[in-house]
Amino acid sequence: MDEALLERLTPSQRRAVCHRKGPLLVLAGPGSGKTRVITHRIAALIESGVRPGNICAITFTNKAAEEMRQRAAALGASGGAHISTFHSLCVRILRRYAVAVGIGPNFSVYDESDQMRCLKEALHDCDIDTTSLPPGRVLEAISTLKSKLIDAEAFKLQAEDFFTRTLAKVYARYQKILTEHNGLDFDDLLMKAALLVENDTTVRQELSDRFQYLLIDEYQDTNHAQYRLAKAMASSHRNICATGDPDQSIYRWRGADIRNILAFEKDWPDAVIIKLEENFRSTAAILEAADKLIACNRHRKQKNLVPVRTQEGRFSVDGYEDEAREADAVAQRVQELLAQGVSGRDIAVFYRINAMSRALEEAFIRRRVAYQVVRGVEFYNRKEIRDLLAYLKVLANPADDVALQRIINAPARGIGKVTLDKIADHASRSGLTLFAAVRSANEVPGLTGGVKEKLAEFVKMMTSFAGQIEGNVAPLAERVFRETGLESSLRGSGPEGQTAVENVEELISTAAAYDKQADNPALVDYLQQIALFSDADAYDAVSGQVALMTLHAAKGLEFEHAFIIGLETGLLPHERANNNQEELEEERRLFFVGVTRAKTNLYVSYARYRAFRGQLLRTIPSQFLYELGSQFVREVPESDEVPLQCRLDAAPRPQPAPVVTTRPAPFHPGELVRHKTFGVGRVKKFVDMGGNSVIVISFNNGQTKSLLLQYAELTKV
DNA sequence: TCGAATTCCGTTTTT
DNA sequence: CGGAATTCGA
């Protein structure tokens with residue numbers, strides 16, 4: 001396919017991809033070989049004499065970076081080019097220029113739960129009641145601000161009303177706590193790096209000398225911080241190449257700004273733009289449906305999906321009675337495919353939310369089909385893994401109080417909450433880090449001799465590890481696991497302790513792999529790298545197992561056979577994305593991404609009943625089903641044991657007239673209506689689907705509900 | 001101080 | 001319904 005791709009480019013396009021100096025934008029649909037364009041460009045640049053070290057390619061996930069390295073190597077561009085995610089790049093920049101940023105180079109990268117601890121401390125310090133300000137919302141707000149490069153000081157200046165002033169206070173305090181712990185959250189990595197590169201001429205010059213060619217994949221999902229960083233990095237040499245597809249932007253909720261890619265031409269007026277509309281991946285039926293679906297988005301530039309493959313494919317939409325039957329049908333179909341000799345690595349099942357993997361897993365286990373849930377963070381979220389990593393974090397960064405609090409009494413060594421409170425109190429009064437306060441336990445008032453002894457023992461143990469933080473990580477990890485008593489406490493706690501030990505052993509072997517691969521293995525570097533590992537990175541196609549993953553994790557992947565389950569109102573589109581047109585369109589893009597992952601066969605399904613918080617609830621088929629094509633407009637039987645099937649490859653049948661007992665007059669957004677249990681509300685949206693029309697109403701009691709018009713019994717007010 | 005019991009809490013998506 | 005956080009009793 002690589003050759004096919006290059007051959008299909010016009011000579012001028014090929015020249016641009018291979019030799020262009022100056023800005024270049026590749027706008028391309030799914031399956032068009034966007035990522036391969038980048039790989040080719042890397043190889044071509046190196047071939048024409050550019051030093052590999054002068055090339056910097058940025059991918060969306062670590063997994064994608066790994067794949068790109070391999071592809072580049074296969075094209076003869078072995079080693080040297082810097083290929084990583086934005087976050088990894090920022091870690092490198094910040095470590096190198098730590099002094100200029102005013103942080104320690106051994107900073108800890110704080111994940112969501114670490115952030116939460118710091119935020120709760122900040123809220124407490126500011127005397128703010130968490131019922132009035134939910135910590136999750138605050139964290140979200142801070143994250144949004146950081147991704148817009150608004151730091152605590154800048155936000156304070158623009159805060160006007162009571163709410164924003166309060167938020168500014170918390171933001172500042174939160175930031176102070178992070179600084180004291182020498183910790184950076186994910187957004188800090190981007191914000192601090194971007195501001196540094198923008199404002200420090202020397203740093204910017206050094207960086208653009210080092211990276212004379214910048215290439216960015218999945219540009220449609222960059223946020224403002226990433227955008228500004230990229231712009232600053234390329235400002236002097238202007239060798240910026242971006243690839244992306246606005247129709248595949250699915251991270252708006254995380255700050256991704258689709259305007260970045262739409263405004264590329266304005267930012268770089270001399271940009272050469274290449275459009276790739278041919279799709280090398282999917283069969284025609286799949287592309288036709290994908291095209292109809294995405295055409296429903298109004299805020300979009302028209303783009304064609306031109307199929308190249310001529311092979312017959314299968315595309316079906318099936319309705320099932322409930323989620324268990326849906327899951328079982330998927331597992332059964334997978335079983336059939338495997339029996340036909342299809343490899344498990346060519347099959348994947350996608351869903352909107354992680355919780356939906358459960359029913360699938362049960363069905364796969366029942367049918368003894370090997371599967372892999374692609375959710376790598378789960379591993380790093382396990383208690384035993386977090387505990388061991390917390391020890392290592394304290395060794396690498398003694399100021400990391402969050403990590404220290406986690407491990408000072410794990411396993412239990414008689415240093416409980418009361419003791420810790422006394423030490424923390426002493427620490428904050430005398431301006432010490434927690435670890436420093438533990439070290440000087442003798443000065444902490446109110447501690448008994450026994451406790452002091454235990455603390456001294458702890459300090460002694462940690463000090464003995466400290467000599468080993470340079471060099472290979474695995475031996476240190478192993479030693480810490482053994483000598484802290486973590487291992488024996490796990491071994492002594494039954495069979496689940498045994499699996500915990502195995503998990504830790506797996507962690508140690510990944511550390512060993514790191515030691516082997518790194519030029520200069522060091523604990524700090526290892527910790528900062530694994531902090532950025534994610535869901536999709538853990539996916540191992542080589543294992544031959546069927547992959548189960550969220551639609552978000554499916555980004556950038558492709559499979560011979562793909563299943564998408566749960567096409568129900570409230571799930572896809574998700575109910576929390578029902579506030580405005582923009583969010584609905586993002587849900588549609590998400591489904592579009594899922595549909596276009598399939599190479600040959602695509603199976604879409606929904607369940608008529610789905611368990612929600614333990615309760616079986618009736619569902620409403622997703623409007624997206626109808627948008628796939630008119631073939632799917634049909635009524636849904638009340639309770640039908642036989643799965644209803646409707647195939648594109650079946651002979652087209654006359655479109656059934658909607659079966660509706662009483663066809664109510666259509667509703668329009670803005671109208672007032674009355675519901676017999678929810679009362680009066682205003683119509684937010686009306687989706688006309690004949691007998692399955694859906695109405696979204698914002699009721700006066702504050703609730704917003706999606707209802708099947710047929711059953712809603714509404715009267716106009 | 002620690003484990004067991006109990007409440008309560010909640011369900012997007014992730015670098 | 002299931003997991004996490006918190007409280008309770010020893």
Side-chain angles (χ1 to χ4, degrees), chain A residues 58-65 84-91 109-113 115-117 120 134 136 139-140 143 146-147 184-191 193 218 221-223 225-226 249-256 323 350-359 374-378 380-381 383 408-421 448 450-451 454 489 493 528-538 549-556 566 570-579 583 586-587 589-591 593-594 610-617:
Chain A
I58 296 172
T59 56
F60 195 72
T61 64
N62 289 301
K63 179 82 186 171
S84 76
T85 63
F86 265 112
H87 284 86
S88 300
L89 175 68
C90 290
V91 163
V109 178
Y110 276 7
D111 68 11
E112 210 181 313
S113 69
Q115 290 182 58
M116 194 55 96
R117 280 172 166 272
K120 281 184 177 159
L139 229 40
E140 214 169 90
S143 170
K146 286 183 178 177
S147 72
L184 300 180
D185 63 25
F186 289 127
D187 301 301
D188 280 333
L189 297 176
L190 299 176
M191 178 173 75
E218 309 276 19
D221 276 323
T222 49
N223 69 20
Q226 293 166 329
S249 163
I250 55 175
Y251 283 96
R252 201 182 93 99
W253 53 273
R254 200 175 83 185
E323 56 181 343
F350 309 137
Y351 36 80
R352 179 63 177 84
I353 63 172
N354 282 308
M356 290 167 73
S357 74
R358 172 170 282 152
V374 180
R375 207 171 4 166
V377 283
E378 289 289 280
Y380 289 98
N381 269 336
K383 185 183 173 299
I408 194 161
N409 200 32
R413 48 173 75 88
I415 305 171
K417 192 177 175 302
V418 179
T419 306
L420 200 56
D421 281 349
T448 64
V451 168
K454 285 170 188 161
S489 84
S493 59
Q528 289 174 349
Q529 279 195 29
I530 64 167
L532 303 174
F533 269 47
S534 78
D535 290 19
D537 304 330
M549 66 184 85
T550 63
L551 285 160
H552 284 90
K555 177 183 174 126
L571 214 45
L572 186 61
H574 195 273
E575 60 180 345
R576 301 263 285 249
N578 218 356
N579 296 320
E583 289 183 350
E586 175 144 316
E587 294 289 302
R589 289 194 292 270
L590 186 57
F591 184 38
V593 165
R610 187 171 294 277
F612 196 74
R613 280 192 209 174
Q615 249 177 335
L616 213 55
L617 294 178

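Residue numbers start from 1 in every chain, and the chains themselves are labelled A, B, ... in the order their sequence lines are given, proteins ahead of strands. These numbers come from a predicted model, not from an experiment. The analysis underlying the following values was restricted to heavy atoms, covering all of them including side chains, and did not include hydrogens, waters or symmetry mates.
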**Prompt:** Hey, do the aromatic rings of A:Tyr251 and A:Phe60 have their centres closer than 6.0 Å?
**Reply:** yes

Check: So does A:Lys146 pair up with A:Asp185, basic N to acidic O under 4.0 Å?
Finding: yes

Here the distance between atom P of B:dT15 and atom CD of A:Gln529, to the nearest Å, is 15 Å

Polar atoms only, N or O, under 3.5 Å: list the protein pairs with nucleotides 2-5 of chain B and their distances.
| from | atom 1 | to | atom 2 | distance (Å) |
| --- | --- | --- | --- | --- |
| B:dC2 | OP1 | A:Gly414 | N | 3.3 |
| B:dC2 | OP2 | A:Asn409 | ND2 | 2.7 |

Whole-Å distance, A:Tyr251 OH to B:dT14 C1', equals 6 Å

A:Glu575 atom CD is separated from B:dG10 atom P, nearest whole Å, by 14 Å

Taken to the nearest 0.5 Å, the spacing of A:Asn381 CG from A:Ser113 OG works out to 7.0 Å

Among the nucleotides B:dT11, B:dT14, B:dT15, whichever has the atom closest to the side chain of A:Ala355 is B:dT11

In whole angstroms, the gap separating P of B:dT11 from CZ of A:Arg610 amounts to 18 Å

Any side-chain heavy-atom pair of A:His574 and A:Glu583 under 4.5 Å
no

To the nearest angstrom, the CG-C1' distance between A:Leu139 and B:dT15 comes to 14 Å

Rounded to whole Å, CD of A:Glu112 lies from C1' of B:dT14 at a distance of 9 Å

Is there side-chain contact between A:Leu532 and A:Phe186, with at least one heavy-atom pair below 4.5 Å?
yes

Just to be sure I understand the rule, does A:Thr419 reach a base, reach only the sugar-phosphate, or reach nothing, if contact means heavy atoms closer than 4.0 Å? sugar-phosphate

Under 4.0 Å, counting only non-hydrogen atoms across every strand here, what does A:Phe86 touch: a base, just sugar-phosphate, or nothing?
nothing

Each nucleotide of nucleotides 2-10 of chain C classed B (base within 4.0 Å of a protein heavy atom), S (only sugar-phosphate) or -, in 5' to 3' order, makes SS-------

Worksheet item: Does A:Lys555 pair with A:Glu218 as a salt bridge, N-O distance under 4.0 Å?
Response: yes

Output for pair (A:Ile530 CD1, A:Tyr380 OH), nearest 0.5 Å, gives 5.0 Å

To the nearest angstrom, the CE-C1' distance between A:Met116 and B:dC9 comes to 13 Å

> Hey, is the side chain of A:Thr61 poking within less than 4.0 Å of OP1 or OP2 on B:dT14, counting only N and O atoms?
Replying inline: no

Q. How about A:Asp187 and A:Ser147: does a side-chain donor come under 3.5 Å of a side-chain acceptor?
A. no

Against the side chain of A:Ile353, the closest entry in B:dT11, B:dT15, B:dT14 is B:dT11

Heavy-atom check, side chain of A:His87 versus side chain of A:Leu190, under 4.5 Å = yes

note: A:Glu140, atom CD; B:dT15, atom C1'; distance rounded to Å ~ 15 Å

When A:Gln115 and A:Val451 are each assigned the nearest nucleotide of DNA chain B, the 5'-most assignment goes to A:Val451

